[in-house]
Novice: 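Structure provided below as structure tokens; questions to follow.
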Amino acid sequence: PAQMALAFVNSRSFVTANIIGATSMEQLRTDIASIDVKLSPEVEAQIDAIHCKADISTRRPDVAALEAKCLSRMKGIAVRSGDALRISLQNGKTKSLLSNNRACEEGNAEKCVDYRLEAYYPGLHLFVLTARLYEANSVLVVNGTTGAATNMDDSPHLSPNGERLVVAFSSEAWSTDRDIAVYRIENGALRLEWSYKAKDYEQWKFVAWDGDARIKLRVTLHGEDQSGGLTTRDADLQLTDAGWRLNKRMLPSPKATAVK
């Protein structure tokens with residue numbers, strides 16, 4: 001199992017270094033020998049079948065059904081027992097997240113929380129969990145090796161090459177830390193690479209990755225005329241030599257709508 005896991009990591013195009021851990025010479029020899037292990041297309045297909053993620057076209061997915069679908073594919077890597085969700089980490093430890101659905105049912109806003117697994121990226125060893133609070137939602141991305149958790153304002157979207165996650169989300173119902181955030185994935189750890197928080201009214205939505213260096217977005221903001229209305233237009237975020245550049249002044253798309 002260890003050699004298969006290491007061989008899978010070795011085969012990812014975006015991995016520059018596979019960091020191994022060993023407590024004996026025998027384990028070290030086994031880990032090093034993984035460089036000669038080649039996974040067949042059939043095995044890779046079975047590994048990819050474990051991967052699960054939410055449908056981004058569904059704004060309010062059935063989180064319980066989505067989690068059940070994920071857990072059924074994960075063969076014990078993550079399990080649920082009542083309010084407890086337990087994740088088996090690669091370092092041999094277990095990370096437990098305990099929901100308090102009773103508090104939610106009783107209207108206890110301070111203690112209400114419901115953790116649900118919504119996505120798993122096996123090649124990156126990342127778990128994505130929705131944390132539903134009493135009057136807000138947030139997302140946790142858990143490192144499957146160390147258990148370290150990164151808080152995000154909404155579900156992240158993985159770049160085609162697997163090197164970055166992006167979140168684009170605004171809410172009129174609760175405050176968010178950032179409207180847009182790009183995270184760099186480095187050996188399973190997440191580093192905030194770029195972020196944006198609007199000073200005026202802007203509502204941001206992720207559309208799609210366009211390659212690995214451009215992110216298609218949609219934004220609703222006040223128009224440039226003096227009518228005081230809102231307009232929805234296409235926008236994008238592009239990676240340049242100088243870093244990420246946000247363009248929110250693109251011409252309105254044919255499907256854009258003006259709100260008086």
Side-chain angles (χ1 to χ4, degrees), residues 1-53 67-98 115-129 131 139-152 155-166 182-193 212:
Q3 284 191 337
M4 178 176 290
L6 292 171
F8 182 83
V9 174
N10 291 337
S11 67
R12 302 304 92 183
S13 61
F14 50 84
V15 173
T16 57
N18 190 353
I19 300 176
I20 62 176
T23 58
S24 68
M25 288 301 298
E26 181 180 356
Q27 289 180 353
L28 181 60
R29 283 191 287 268
T30 298
D31 290 350
I32 293 175
S34 68
I35 194 67
D36 297 320
V37 176
K38 305 299 179 184
L39 302 180
S40 68
E42 293 77 17
V43 170
E44 291 238 16
Q46 292 176 2
I47 294 174
D48 289 339
I50 300 175
H51 175 280
C52 59
K53 63 179 179 179
E67 180 188 78
K69 177 182 177 181
C70 284
L71 294 178
S72 69
R73 296 180 176 185
M74 298 178 66
K75 311 297 182 183
I77 299 174
V79 296
R80 173 168 292 281
S81 177
D83 276 353
L85 178 65
R86 296 184 176 87
I87 299 173
S88 297
L89 305 176
Q90 289 193 320
N91 62 9
K93 298 181 180 180
T94 299
K95 186 175 183 67
S96 298
L97 297 107
L98 186 62
Y115 294 106
R116 293 286 173 174
L117 179 68
E118 72 168 43
Y120 173 54
Y121 299 100
L124 301 170
H125 308 300
L126 293 177
F127 299 81
V128 181
L129 299 96
V139 170
L140 289 178
V141 178
V142 177
N143 183 316
T145 300
T146 65
T150 301
N151 288 286
M152 299 185 182
S155 302
H157 305 279
L158 184 66
S159 64
N161 64 5
E163 293 183 356
R164 291 178 173 88
L165 291 171
V166 63
V182 179
Y183 296 85
R184 186 69 185 260
I185 305 171
E186 299 173 338
N187 297 318
L190 300 181
R191 176 177 61 84
L192 181 62
E193 185 176 56
D212 297 306

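Atom set for the values below is all heavy atoms of this structure, side chains included, hydrogens, waters and symmetry mates excluded. In this text the structure is predicted, and so the values were computed from the model without any measurement.
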Novice: Can you name the nearest heavy-atom pair linking Leu98 to Tyr115, along with the distance?
Specialist: O-CE1, 3.6 Å

Novice: Kindly compute the distance separating NZ (Lys93) from OG1 (Thr145), expressed to the nearest 0.5 Å.
Specialist: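 Separation between the atoms: 12.5 Å.
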
Novice: Would you name the heavy atoms of Phe127 and Gly144 that are closest together and state the gap between them?
Specialist: CE1-CA, 3.7 Å

Novice: To the closest 0.5 Å, what do you measure between CG (Leu85) and CZ (Arg116)?
Specialist: 8.5 Å

Novice: Nearest 0.5 Å please: distance from the CG atom of Leu165 over to the CG atom of Leu124.
Specialist: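 Output value for this atom pair is 7.5 Å.
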
Novice: If you measure from CD on Glu118 to CD on Glu67, what distance do you get to the nearest 0.5 Å?
Specialist: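 Nearest 0.5 Å value for the CD-CD distance: 10.5 Å.
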
Novice: On a heavy-atom basis, which atom in Leu117 and which in Cys70 lie closest, and how many Å separate them?
Specialist: CD2-CB, 3.9 Å

Novice: Search all heavy atoms of Tyr121 against all heavy atoms of Pro156 and return the closest pair with its distance.
Specialist: OH-O, 4.4 Å

Novice: For the backbone of Arg164 and the side chain of Ser159, can you confirm whether one donor and one acceptor N or O come within less than 3.5 Å of each other?
Specialist: yes

Novice: Any sub-3.5 Å donor-acceptor pair from Arg80's side-chain atoms to Gly82's backbone N or O?
Specialist: yes

Novice: Determine whether Asn151 and Leu140 make a side-chain contact, defined as any pair of heavy atoms from C-beta on separated by less than 4.5 Å.
Specialist: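 Touching, per the 4.5 Å side-chain cut-off.
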
Novice: Please check this pair: side chain of Ser34 against backbone of Val37, looking for a donor-acceptor N/O pair closer than 3.5 Å.
Specialist: no

Novice: Would a distance-only check, ignoring hydrogens and angles, find a side-chain to backbone donor-acceptor pair under 3.5 Å from Asp212 to Asn161?
Specialist: yes

Novice: Please determine whether side-chain contact (heavy atoms from CB on, under 4.5 Å) holds for the pair Ile185 and Leu190, giving the CA-CA distance in whole Å, both sets of side-chain angles, and the decisive distance to 0.1 Å.
Specialist: CA-CA 5 Å; Ile185 305 171; Leu190 300 181; 3.6 Å; yes

Novice: How many angstroms lie between atom OG1 of Thr150 and atom CG of Leu192, to the nearest 0.5 angstrom?
Specialist: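 Spacing of OG1 (Thr150) from CG (Leu192) equals 9.5 Å.
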
Novice: How long is the straight-line distance from CD of Glu163 back to CG of Leu158, given to the nearest 0.5 Å?
Specialist: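 Rounded to the nearest 0.5 Å, the CG-CD separation comes to 10.0 Å.
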
Novice: Where do Ser155 and Val139 come nearest, in terms of heavy atoms and distance?
Specialist: N-CG2, 3.5 Å

Novice: If we only count heavy atoms from C-beta on, is the Arg73 to Tyr120 side-chain gap below 4.5 Å?
Specialist: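 The answer is no, as the side chains (C-beta and beyond) never meet within the 4.5 Å cut-off.
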
